[in-house]
Every structure is written in structure tokens, then in C-alpha cells.
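Reviewing the structure listed below.
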Number of protein chains: 2
Amino acid sequence: MILKDNNIKITPQRLVVLEYLDKNCTHPTADEIYSYLKKKNPSLSKTTVYNALETLSKHGIIQSLTISGYELRYDLDHGMHHHFYCKICGRIVDIELKCPNVEKMKKYGHEIEEIHGYIKGICKKCLKEKDKK
Amino acid sequence: MILKDNNIKITPQRLVVLEYLDKNCTHPTADEIYSYLKKKNPSLSKTTVYNALETLSKHGIIQSLTISGYELRYDLDHGMHHHFYCKICGRIVDIELKCPNVEKMKKYGHEIEEIHGYIKGICKKCLKEKDKK
DNA sequence: ATGTTAAATTGTAATGATTACAATTTAGTA
DNA sequence: TACTAAATTGTAATCATTACAATTTAACAT
Ligand SMILES: [Mn+2]
Ligand SMILES: [Mn+2]
Ligand SMILES: [Zn+2]
Ligand SMILES: [Zn+2]
């Protein structure tokens with residue numbers, strides 16, 4: 001399994017956090033993950049959720065999104081994709097676009113570890129709500 | 001001038017904030033802007049800097065970058081470009097790449113207001129420092 | 001030029017996500 | 001089963017940003 005593969009100690013807390021991210025592609029916050037898991041794991045600490053997320057991030061198993069600007073969102077790292085953030089409802093949705101710039105980046109001489117494409121605006125759903133008024 | 005063009009009330013505070021961003025392409029934080037300007041404008045309030053930055057952002061004169069994840073950075077909006085963030089020294093540098101995906105985004109039906117390309121890693125300079133060890 | 005007023009500025013207090021830390025528990029190994 | 005380094009937990013601290021109320025001022029009308 002992915003934890004053992006990365007020499008990460010297997011703990012029930014890390015397992016449920018990872019499982020949550022696997023089943024919920026909503027790009028949740030640490031607090032959303034914590035609040036949900038707390039129900040069935042009453043002893044779970046929010047610090048543990050933060051620690052687990054940090055460990056998983058460092059190993060490249062998940063990635064943190066800085067898209068909203070006031071909280072981190074988390075995402076299982078399943079291949080390169082971009083994100084759309086709705087300024088009204090706050091939802092973050094995947095955008096399946098290739099980034100053709102990865103190659104060109106090499107000429108700058110920096111070591112590249114992450115690439116994030118963030119698109120912000122008003123989502124289809126919120127646009128319709130607006131029209132009603 | 002750009003403030004008058006956008007129907008923004010012209011105040012000395014807004015002028016110095018704008019001038020600072022025009023002369024400093026370092027993608028500074030609100031606090032960096034405040035600390036520097038405070039020296040020659042002792043009555044300046046940090047809240048005013050935040051307010052000015054928000055007003056300028058809303059009118060699309062500047063943009064805020066969420067790249068670092070724990071503070072906002074500000075940038076005069078001079079044409080589409082991307083950003084590289086060094087995880088070691090924290091510097092943010094411009095990356096002059098076109099984004100060919102803008103057009104393709106239209107098919108999703110969302111209203112696009114901002115596009116951010118964030119690349120994260122270790123900058124050339126910090127890589128050299130690392131090698132020395 | 002002066003007066004008016006809605007908006008901007010200021011200082012302080014509050015917020016809220018994240019991190020620090022010390023005590024306790026536990027996963028992995030022998 | 002016992003050992004130990006690492007993980008978990010709960011609480012307190014941090015720090016960027018926002019809320020708010022009192023004061024000042026830019027823009028406009030007289
Ligand atoms: Mn995603
Ligand atoms: Mn820039
Ligand atoms: Zn929306
Ligand atoms: Zn660097």
C-alpha cells in the first residue's frame with residue numbers, strides 16, 4: 001500500500017485521512033476532513049489531521065492547493081490537472097487541461113517540484129443564480 | 001491617471017501604495033508595503049494598506065497572489081504572466097509564459113476573471129547554496 | 001472659497017487557520 | 001513481550017487578515 005511504499009508509519013489516523021481524500025474529490029479543508037472523521041473517530045485530534053496532511057504532502061501523495069487564499073485545500077495527487085475556484089460559492093472543480101509549459105520551464109534553471117494552474121471566477125451554477133435576480 | 005479612470009477616490013495613501021507596487025516588482029506582502037511606506041508616512045495605518053490593496057484588486061489594477069499559502073503577495077497587473085515560488089528563500093519571480101489554455105476554458109461555461117500559473121520548487125540561487133554543502 | 005457628506009483613514013480589538021509544545025500513546029522491530 | 005523513536009492528543013500561541021467605531025478628508029455643490 002502507498003504508505004508502506006513511502007516508508008510512512010501506518011496509523012489508523014493517517015489511513016482515515018487518506019481514505020477520506022480518496023473518496024471525496026471536493027478539495028476539502030483540513031477542518032472539513034477533521035469534522036467529518038471526528039464523528040466516527042472521537043479521539044481524533046485536529047493537530048493529527050494537520051500532521052497527516054503535511055506528511056502525505058511531503059511525500060507527494062497529496063497536494064495542498066493555495067487557490068482560495070485564506071485556507072489550504074487538499075487533493076489526492078492523481079496526475080496533473082488544473083483547478084477552477086468560484087469566488088461566490090467557494091467550490092473548487094478540476095479542470096482537465098494539459099500544461100504545455102512544463103518543458104519550457106527548464107530553461108530558467110530552477111528545480112521544479114509543483115505546478116498549479118488556478119482559474120478564478122464565477123461558476124456556471126452561480127451565474128444562473130445571478131441571472132434570476 | 002489610473003485611479004481617476006476607475007472612479008477611485010484619489011488619496012495620498014492609495015497613491016503611495018500604487019507607486020510602491022509600480023517601483024517594486026518583488027511581489028511584496030501587505031506588511032512589507034506598510035513597513036516601508038510607514039517610514040515616510042508615519043500616520044499610515046496598516047488597515048489602510050489592506051483597504052487600498054483590496055480596492056485596487058477589485059478594479060483589476062493589481063492582483064493578489066496566493067502562491068505561498070500563508071500570506072498574500074501583490075503585483076501590478078501588467079499583462080498575463082506566471083510565477084515561480086522558491087520554497088527555500090521565499091522569493092517569487094515572474095515567468096514569462098503564455099497560457100494557451102485560456103481559450104479552452106470557455107467550454108466549461110464558467111465566467112473567468114483570473115488565471116494564475118504557480119510553479120514551486122527551489123530557485124537557481126538556492127540550488128547553488130545546497131551544492132556547497 | 002466654504003460647507004456638506006459619503007467615503008476613506010486610523011487604531012484597536014477580534015477572527016480564524018495554522019503551528020508550537022509537552023505529555024501520553026503506539027507502530028514497528030527485536 | 002519489551003523497547004524506543006515517532007505519532008497522537010489537547011491546549012496555548014502565532015500571525016495574517018478583518019471588523020468596527022471614531023475621526024478625518026476628497027469630491028462636489030453652493
Ligand atoms: Mn483536483
Ligand atoms: Mn509578477
Ligand atoms: Zn459558484
Ligand atoms: Zn531560493
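Below, chains carry the letters A, B, ... as their sequence lines are ordered, and counting in each starts from 1.
- At the heavy-atom level, B/Ser43 lies under 4.0 Å from the strands shown only through sugar-phosphate atoms.
- In this structure, CD of A/Glu54 is placed 16 Å from P of D/dT9, rounded to the nearest angstrom.
- In the helix from C/dA1-D/dT30 to C/dA30-D/dT1, the rotation axis of the first five pairs and that of the last five pairs differ in direction by 40°, rounded to 10 degrees.
- A/His81 and A/Asp94 share a donor-acceptor pair across their side chains, judged by distance under 3.5 Å alone.
- Within the 4.0 Å cut-off from OP1 or OP2 of C/dA17, not a single side-chain nitrogen or oxygen of A/Tyr70 is found.
- As judged by a 4.0 angstrom heavy-atom cut-off over every strand, B/Pro12 is placed among residues touching the sugar-phosphate backbone only.
- No contact: B/Asp31 has no heavy atom under 4.0 Å from any strand.
- Taking atom CG on A/Leu3 and atom P on C/dT26, their separation rounds to 19 Å, with Å as the unit.
- The local environment of NZ in B/Lys125 is sparse, with at most 12 non-hydrogen atoms from other residues, nucleotides or ligands closer than 6.0 Å.
- Here the P atom of nucleotide D/dT17 and the CD1 atom of B/Ile33 are 10 Å apart, to the nearest Å.
- Regarding contacts with the backbone of D/dT25, every side-chain N or O of B/Gln13 stays at 4.0 angstrom or more from both OP1 and OP2.
- The OH-P distance, from A/Tyr50 to D/dT11, rounds to 17 Å in whole Å.
- If you find the closest nucleotide of DNA chain D to A/Ser45 and to B/Tyr74, the one lying nearer the 5' end belongs to A/Ser45.
- With distances taken from any side-chain atom of A/Arg14 to the nucleotides D/dT9, D/dT8, C/dT10, the minimum falls on D/dT8.
- Here C/dA27 presents its C1' atom at 13 Å from CG of A/Asn7, a figure rounded to the nearest Å.
- For B/Tyr36 and B/Tyr20, the distance between ring centers is under 6.0 angstrom.
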Polar atom pairs (N or O), protein with nucleotides 27-30 of chain D, under 3.5 Å:
{"from": "D/dA27", "atom 1": "OP1", "to": "B/Ile10", "atom 2": "N", "distance (Å)": "2.7"}

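- A sub-4.0 Å separation between OP1 or OP2 of C/dT10 and a side-chain N or O of B/Thr48 is present.
- More than 12 heavy-atom neighbours from other residues, nucleotides or ligands sit within 6.0 angstrom of NZ on A/Lys87.
- Rounded to a whole Å, the CG atom of A/Leu72 is 13 Å from the P atom of D/dT17.
- The distance from the CG atom of A/Asn24 to the CG atom of A/Asp75 is 11.5 Å, given to the nearest 0.5 Å.
- Taking atom CG of A/Asn51 as the reference point, atom P of C/dC21 lies 13 Å away to the nearest angstrom.
- Residues A/Lys58 and A/Glu54 are paired through a salt bridge, judged by an N-O separation under 4.0 Å between the basic side chain and the carboxylate.
- For the atom pair A/Ile119 CD1 and B/His110 NE2, the distance stands at 10.0 Å (nearest 0.5 Å).
- By the 4.5 Å heavy-atom criterion applied to side chains, B/Ile61 and B/Ile8 are counted as neighbours.
- The aromatic ring centres of A/Tyr85 and A/Tyr118 sit 6.0 Å or more apart.
- Taking atom NZ of residue A/Lys58 and atom C1' of nucleotide C/dT19, one finds them 12 Å apart after rounding to whole Å.
- Toward the 5′ end of DNA chain C lies the nearest nucleotide of B/Pro42, the other residue of the pair B/Pro42 and B/Gly69 mapping further downstream.
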